[in-house]
Amino acid sequence: KTIVLVEDNMDLRVYLKDNLRLKYKVLEADNGESAWELVQKHQPQLVVSDIIMPVFSGLELCAKIKANKHTRNIPGILLTAKA
């Protein structure tokens, strides 16, 4: 099973990857654009994404995933540090 992990904070991304890689193949991206390319290429079973990121946000990434007929069934989890 493959997860695309999208987080621009490298420390948090490494922490999450270290915990997820025990059970999943984890593909990493540090912005929404890179993540979108990974999603299209690898068709992961899950996308875990920060909301606030450079290039385009996690919300914009989710909108792209859900608008595309080839990716719309991929579930996503959004993370945020916002209150």
Side-chain angles (χ1 to χ4, degrees):
K1 295 179 181 174
T2 302
I3 293 176
V4 170
L5 175 61
V6 195
E7 173 59 63
D8 59 327
N9 179 302
M10 186 167 59
D11 291 334
L12 182 53
R13 192 171 68 242
V14 168
Y15 172 78
L16 292 168
K17 181 181 180 180
D18 285 347
N19 285 282
L20 293 169
R21 71 180 178 174
L22 300 174
K23 294 192 177 202
Y24 305 97
K25 177 181 177 184
V26 180
L27 305 174
E28 300 175 70
D30 62 359
N31 65 64
E33 184 176 42
S34 298
W36 175 235
E37 291 171 9
L38 288 173
V39 167
Q40 291 178 92
K41 183 176 180 181
H42 296 281
Q43 298 288 307
Q45 281 68 51
L46 177 67
V47 175
V48 178
S49 177
D50 188 9
I51 291 178
I52 301 171
M53 291 184 301
V55 185
F56 55 84
S57 73
L59 294 173
E60 292 170 305
L61 174 61
C62 283
K64 285 183 171 290
I65 291 169
K66 296 305 175 186
N68 183 290
K69 70 179 181 177
H70 299 292
T71 61
R72 70 174 54 139
N73 291 323
I74 299 171
I77 297 174
L78 292 173
L79 308 173
T80 186
K82 292 179 79 171

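Positions are given from 1 along the sequence. Not measured: the values here are computed from a predicted model.
To the nearest 0.5 angstrom, S49 atom OG is 13.0 Å from I3 atom CD1. In this structure, CG in D50 is found 13.5 Å from CD1 in I77, a value given to the nearest 0.5 Å. With rounding to the nearest 0.5 Å, the separation of CZ in R13 from CG in L20 is 13.0 Å. Distance CD/E7 to CD1/I51: 11.0 Å, rounded to 0.5 Å. We find the NZ-CD distance between K17 and E28 to be 4.0 Å, quoted to the nearest 0.5 Å.
Side-chain atoms of P44 and L38, non-hydrogen and from C-beta on, never get closer than 4.5 Å to each other. Put simply, the side chain of M10 does not reach to within 4.5 Å of the side chain of D30, judged on heavy atoms. Contact check for C62 versus L78: side-chain heavy atoms found under the 4.5 Å cut-off. Put simply, the side chain of L16 reaches to within 4.5 Å of the side chain of L79, judged on heavy atoms. Taking 4.5 Å as the limit, some side-chain heavy atom of L46 sits within range of a side-chain heavy atom of P75.
Side-chain atoms of Q45 come within 3.5 Å of backbone N or O of T2 as a donor-acceptor pair. At distances below 3.5 Å, not a single donor-acceptor pair connects side-chain atoms of E37 with backbone N or O atoms of S34.
Dense packing is recorded around NZ of K66, with more than 12 heavy atoms of other residues, nucleotides or ligands lying under 6.0 Å away. Within 6.0 Å of CZ on F56 lie more than 12 heavy atoms contributed by other residues, nucleotides or ligands.
Under the 4.5 Å side-chain heavy-atom criterion for grouping Ile, Leu, Val, Met, Phe, Trp and Tyr, V14 is not connected to L27 through any hydrophobic cluster. Under the 4.5 Å side-chain contact rule for hydrophobic residues, M53 and V48 do not share a cluster.
Applying side chain to side chain contact (heavy atoms under 4.5 Å, CB included) to W36 and the options V6, V55, I65, N31 leaves one that passes, I65.
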